[in-house]
Amino acid sequence: MAASLHSLNLNPLTLKPFHQSSTLTFLKSSSIRCSAATTSNRSYTITLLPGDGIGPEVISVAKDVLLLSGSIEGIKYEFHEKLLGGAALDATGVPLPDETLSVAKESDAVLLGAIGGYKWDKNEKHLKPETGLLQLREGLKVFANLRPATVFPQLVDASTLKREVAEGVDLMVVRELTGGIYFGKPRGFGTNENGEETGYNTEIYAAHEIDRIARFAFEVARKRGGKLCSVDKANVLEASMFWRKRVLALAQEYPDIELSHMYVDNAAMQLIRNPKQFDTVVTNNIFGDILSDEASMITGSIGMLPSASLGDSGPGLFEPIHGSAPDIAGQDKANPFATVLSAAMLLRYGLGEDKAADRIEKAVLDTLNRGFRTADIYSSGTKLVGCKQLGEEILKSVESHVPAGAL
């Protein structure tokens, strides 16, 4: 059964810093349980969208991890692999075939690899792989995107920031996903009064769009550190002025949450200067897109971080936040950790299968503790391996019944 925001049930937060507790607090602290967690039905339909570039490689690893953890925990899956992005364009002429969207809507959860690549960069907008992803999000009506940025203690030296700045970072970006400038109208191309060609987009939000994402962010903050920073550009943009007005009004319902506001340019600077000041961040579609990618690099590699996108009803969409990396596709160099952790989020958020999610999260930490690394997170003294071997090592950890306190 698919997760929804109506079934929001956030787990208690372990307030120990991540580097001390060695638990994936970004998952624990904002878990969404659906009714599947309380039913005897433990058979689920999962739509797999490998996509382009390294997508098929990392999805293959995540599927194996789902299958093994599921078999140990008594869960059965029916997988449906469908086309999206460039692969769909090549096969069908459109980036999101009707069949893909139909099957995804009928599934319990959707796991996506990555889309895009140089091959399709010059396509018209409606024939770009990215258009397929936007259409998928819109079709599934997933408006709340959770993007954690947590510095794993094993990878703190992989961060480009100084150790004292990066160590202990554990923040969550809550991004509005189906509104704003990416979907606003009017949009298009035209000609101005001087006869020059123009391109234009509209940043627009309705009150209910702001209220629902802000409410969700307040609930996430309530079960994390109790701090919420709303990021906007209210000194310049009317849409941001309205955003701030609605967030301030909603804050009256959450007196226990410490609410702050920050302009997006300052937020971009503060993420690098002092990222530990942030706990939960809520922002619009375009700012969330940019800031969450910036935050991900604090962790040392964009290849480590998962995401979850949820709506009021229907299946959630789970995907790593990295791109398709066409320059290394097919070379067994991809880092599958982010996709594996996205699978864990799928279990926890989408299916309510916390034990299986726990097993995967612990397996990731155990694999890191045993020193296995792909090139993007490699450092002296660790073991450089490819995508396939790293997947095999994760499977070993999944099966090893790592004691809860051993990590």
Side-chain angles (χ1 to χ4, degrees), residues 1-3 11 22-28 30-34 36-50 56-81 107-113 148 150 152 303-308 315-320 334-370 372 374 385 387-407:
M1 183 171 295
N11 284 344
S22 295
T23 58
L24 296 180
T25 56
F26 59 80
L27 295 173
K28 309 285 191 194
S30 53
S31 296
I32 297 170
R33 295 181 186 271
C34 65
T38 59
T39 178
S40 59
N41 178 15
R42 306 197 60 205
S43 178
Y44 306 105
T45 301
I46 310 296
T47 298
L48 298 177
L49 304 174
E57 299 171 65
V58 294
I59 283 290
S60 176
V61 172
K63 180 181 178 182
D64 288 343
V65 171
L66 277 171
L67 283 169
L68 180 58
S69 61
S71 68
I72 294 171
E73 299 295 341
I75 304 168
K76 295 181 180 179
Y77 300 107
E78 181 180 346
F79 292 103
H80 296 289
E81 188 170 311
S107 64
D108 293 304
V110 181
L111 183 63
L112 168 65
T150 301
F152 289 75
M304 291 301 303
L305 300 179
S307 74
L317 174 63
F318 304 87
E319 58 181 305
N335 181 346
F337 274 134
T339 312
V340 169
L341 287 171
S342 295
M345 293 185 84
L346 181 155
L347 287 164
R348 190 180 299 283
Y349 287 64
L351 306 180
E353 294 287 357
D354 285 352
K355 288 184 179 180
D358 287 343
R359 182 176 290 273
I360 292 175
E361 293 161 14
K362 291 173 182 176
V364 167
L365 290 170
D366 181 55
T367 304
L368 287 170
N369 283 340
R370 292 189 292 119
F372 292 99
T374 45
V385 296
C387 182
K388 290 181 180 179
Q389 185 177 342
L390 187 59
E392 292 169 0
E393 296 301 331
I394 296 172
L395 290 173
K396 291 178 184 177
S397 292
V398 166
E399 202 168 20
S400 67
H401 299 278
V402 180
L407 299 179

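Annotation: the span from E78 atom CD to T47 atom OG1 amounts to 9.5 Å, rounded to 0.5 Å. Summarising the geometry, atom CZ belonging to F152 is positioned 11.0 Å from atom CG belonging to N369; distances are rounded to the nearest 0.5 Å. One finds the CD atom of E319 at 9.5 Å from the CD1 atom of I59 (value rounded to the nearest 0.5 Å). The distance from the CD1 atom of I75 to the NZ atom of K355 is 10.5 Å, given to the nearest 0.5 Å. To the nearest 0.5 Å, the span separating CZ on F337 from CD1 on I394 amounts to 4.5 Å.
The main-chain N or O of A363 is found under 3.5 Å from a side-chain atom of T367 such that the two form a donor-acceptor pair. Using a distance-only test at 3.5 Å, with no hydrogens or angles considered, no donor-acceptor pair links the side chain of R359 to the main chain of E73. In this structure, the side chain of S71 engages the main chain of L68 through a donor-acceptor pair within 3.5 Å. T45 places no side-chain N or O within donor-acceptor distance of the main-chain N or O of S107, the cut-off being under 3.5 Å.
Y44 and Y77 have tilted rings, their planes meeting at an angle from 30° to 60° on a 0 to 90° scale.
One finds a salt bridge joining E353 and R42 here, because a Lys/Arg side-chain nitrogen approaches an Asp/Glu carboxylate oxygen to under 4.0 Å. Between R348 and E361, at least one side-chain nitrogen of the basic residue sits less than 4.0 Å from a carboxylate oxygen of the acidic one, meeting the salt-bridge criterion.
For the pair L395 and V65, the minimum side-chain heavy-atom distance is below 4.5 Å. Side-chain contact check for L351 versus L346: some heavy-atom pair is nearer than 4.5 Å. Using a 4.5 Å heavy-atom threshold, the side chains of L67 and F79 count as touching. At least one side-chain heavy atom of L347 sits under 4.5 Å from a side-chain heavy atom of L66. Between V61 and L390, the closest side-chain pair of non-hydrogen atoms is not below 4.5 Å.
For the residue pair S342 and P306, the shortest heavy atom distance occurs at OG-CB, 3.2 Å. Closest of all the heavy-atom pairs between F318 and A109 is CE1-CB, 4.0 Å. Considering all non-hydrogen atoms of both residues, T374 and P336 come closest at CG2-CD, 4.3 Å. Closest non-hydrogen pair, D366 versus S400, comes out as OD2-OG, 4.3 Å. Of all the heavy atoms in T339 and P320, the pair that sits closest is OG1-CG, 3.4 Å. A62 and L111 make their closest contact through CB-CD2, 4.0 Å (heavy atoms, listed as atom of the first residue, atom of the second, distance).
The only member of V398, N335, I360 that meets side chain to side chain contact (heavy atoms under 4.5 Å, CB included) when paired with V340 is I360.
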